Number of protein chains: 2
Amino acid sequence: MLSAYMLGEEKGGGMGKQKSKTKKTKAPSADEAAFLAGHRLDAFPRPSVAVDVVILTVRAAALFVCLHERSDHPAKEQLALPGGFMRIEESLDEAARRIVKEKAGFDDIFLEQLYTFADPGRDPRGRVITVAHVALIEAARFDASPCPKGRIEVPWPGETGGPVDVFVDSDGPHSPIELAFDHRDILGTAVRRLRGKLDYTPIGFQLLPAEFTLRALQDVHEAVRGEQVNKDSFRRRMLASGHLEATGSHERDVTWRPAELYRFIRRSAV
Amino acid sequence: MLSAYMLGEEKGGGMGKQKSKTKKTKAPSADEAAFLAGHRLDAFPRPSVAVDVVILTVRAAALFVCLHERSDHPAKEQLALPGGFMRIEESLDEAARRIVKEKAGFDDIFLEQLYTFADPGRDPRGRVITVAHVALIEAARFDASPCPKGRIEVPWPGETGGPVDVFVDSDGPHSPIELAFDHRDILGTAVRRLRGKLDYTPIGFQLLPAEFTLRALQDVHEAVRGEQVNKDSFRRRMLASGHLEATGSHERDVTWRPAELYRFIRRSAV
DNA sequence: CAAGCATATATGCACTGAGCATATATGCAC
DNA sequence: GTGCATATATGCTCAGTGCATATATGCTTG
């Protein structure tokens, strides 16, 4: 049944047809308008498209993710990533922001598309593909959300990849919890992406408040990378990156020498 | 205009067939089984899901992409990326490989998911989202495909991003061609991704034959990055990467001193 | 055949950033 | 004040990069 899926594409399967290239315009011709009017995209089966969001923060040198308890089957009462179905009129970004707002309560948040998971059988309800997103937020705002929070432990080094383990600390020390669907894989992909971008983009600053110490920035990098970094060269590299601006003020209520607070500034041009 | 694809009910109704493929989820309880039996994913409007593939190679120090002339509206007779609708029973990877085979003739190819483009209005037929993929192939195999070939010119430096220009050289020097839908943006995203991964993954070797000279490898890097690289440090860096194995043989039929041929070897462990 | 040419390949040197050690500064607890 | 924990500054070594120079190896040309 090849033709059923080739709507709007060539039917014959030949590759070498080379018609003369006519000038093409954006305004639809009468011919095209007639084609579109008689066109039925819903004449063949389509999957459902969901959007899931991995909302991450760094607290106490560890990665945490915002979860959501499912109120319906499948995986009823199990924890899952906040997600929902894309509405027919909204973009993926709009859908993701709506879900973040509805299920975690965050209004303004750094958001980026991650990967599309589409294995047949990943959802028992039928053919559901999900466009996963990553959102990053500072710990104070993260903590203010009522969502269940999971601590992430990454069992692989560097950017190896694979599922990660999630612990809900309120239950005390125990084995990692189960997540609905393939959400442990999605989480693993999110961590791998984050590790890959951390050194080459200013993405790490999204996990910090507006003003922060170099030590806090280092904590973020160490939590994401899952390993210690050299303090001196980290400081030098960050200060030389052009992304930091000293505020002149210092942290308070610490029992040691207060560190200077810095602001993130988007670098002019490369 | 929305109503055209908001006629919710599906005519084919083919969701039930693959329901038994739930390998990742636990056996449903009686309660859950009852829920799933009464569940209708098709009660809500769903988009159509397409897959487009950016098939790239490097030839003569330039990036080239494999295209496809559309035989039907919309954008009839216009060039586009090879693409098609995902079938309800196949994974994205399977769909992409089917499309690569059908429209470009490549059987075994490096393939990777790129990004999902889903702006409402990107397709005049209605709500169509596309999961774009990138495929890389060596120039000799690329040239053997009957697909129309476009030369890529990237108007932005580094990983700035944005649409790229495509030229069909057979028509002589002229302005960049128009591509169907948002395919110039998809191409731009592909180039940006490629630039980002080139230095930190062995992805560049996918653009070369099994045995190649260091100069050819450098040509690949320069074509992807769009700028010259230092020859000496590039050689040293590549030889120190652990990804290269000398074959002992040398290139032939060149008018200068023949360079040694190398093989790509996947580095053991990091 | 010898000279010339284009490229490959090898080596040395200066510069830069990273890792490391050391010294000084600044808050709090006692 | 003393002790302590951390921040901050400086100097050293080492590895990688950009650059220059020297040699090697094929073909072309006279």
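This one's a predicted model, so the numbers in the text were calculated from it and none came from an experiment. Throughout, protein chains are lettered first and strands after them, A, B, ... in sequence-line order, and every chain is numbered starting at 1.
Within residues 212-226 of chain A, no residue is approached by DNA chain C to less than 4.0 Å at the level of any non-hydrogen atom.
Within the structure, every pair that satisfies the side chain to side chain donor-acceptor pair (under 3.5 Å) test and touches residues 157-166 of chain B, not counting sequence neighbours, is listed here: B:D165-B:R184. Among residues at least two apart or in separate chains, side chain to side chain donor-acceptor pair (under 3.5 Å) pairs with a member in residues 192-202 of chain B are B:E112-B:K197. Pairs passing the ring-ring contact (aromatic ring centres under 6.0 Å, His included) check and including a residue from residues 98-118 of chain B, sequence neighbours excluded, read B:Y115-B:F117.
A donor-acceptor distance shorter than 3.5 angstrom exists from the side chain of A:H243 to the backbone of A:I265, with no hydrogens or angles considered. Formation of a donor-acceptor pair under 3.5 Å by the A:N230 side chain with backbone atoms of A:S233 is found in this model.
Rounded to an integer number of Å, the gap from B:L239 CG to D:dT17 P is 12 Å. Rounded to whole Å, the distance from CD on A:Q228 to P on C:dC20 is 12 Å. Separating the CZ atom of B:R235 from the P atom of C:dT11 is a distance of 12 Å, rounded to the nearest angstrom. Remark: C1' of C:dA18 and CG of A:D199 are 13 Å apart, rounded to the nearest angstrom. Between A:R237 atom CZ and D:dG16 atom P there is a gap of 16 Å when expressed in whole angstrom units.
Evaluation of the side chain to side chain contact (heavy atoms under 4.5 Å, CB included) rule for B:A190 yields B:V54, B:L114, B:V134 as partners, not counting sequence neighbours. In this view, B:F212 and B:F205 satisfy the ring pair (Phe, Tyr, Trp, His ring centres under 6.0 Å) rule, not counting sequence neighbours. For B:V229, the side chain to side chain contact (heavy atoms under 4.5 Å, CB included) partners two or more places apart in sequence, or in a different chain, are B:Q218, B:E222, B:R225, B:F234. Judged as a side chain to side chain contact (heavy atoms under 4.5 Å, CB included), and not counting sequence neighbours, the contacts of A:A62 are A:F64, A:R151. Residues passing the salt bridge (charged side-chain N to carboxylate O under 4.0 Å, His left out) test with A:D253: none are found, sequence neighbours excluded.
Put simply, B:S233 has no side-chain N or O that comes within less than 4.0 Å of OP1 or OP2 on D:dG16.
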Under 3.5 Å between N/O atoms: give me all the protein pairs with nucleotides 1-3 of chain C, atom names plus distance.
none

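Side-chain atoms of B:R236 and base atoms of D:dG18 include a donor and an acceptor less than 3.5 Å apart.
A salt bridge links B:E102 with B:R98: at least one charged nitrogen is closer than 4.0 Å to a carboxylate oxygen. Ion pairing between A:D232 and A:R236 fails under the 4.0 Å rule for side-chain N and carboxylate O.
Counting only Watson-Crick and G-U wobble pairs whose two key distances fall under 3.5 Å, DNA chain C forms stems of three or more stacked pairs at C:1-30 with D:1-30.
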The contact string for nucleotides 21-30 of chain D, one letter per nucleotide 5' to 3', using protein heavy atoms under 4.0 Å with B, S and - for base, sugar-phosphate only and none, comes out as ---BBBS---

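Side-chain contact, B:S91 with A:D119: no donor N or O sits under 3.5 Å from an acceptor N or O.
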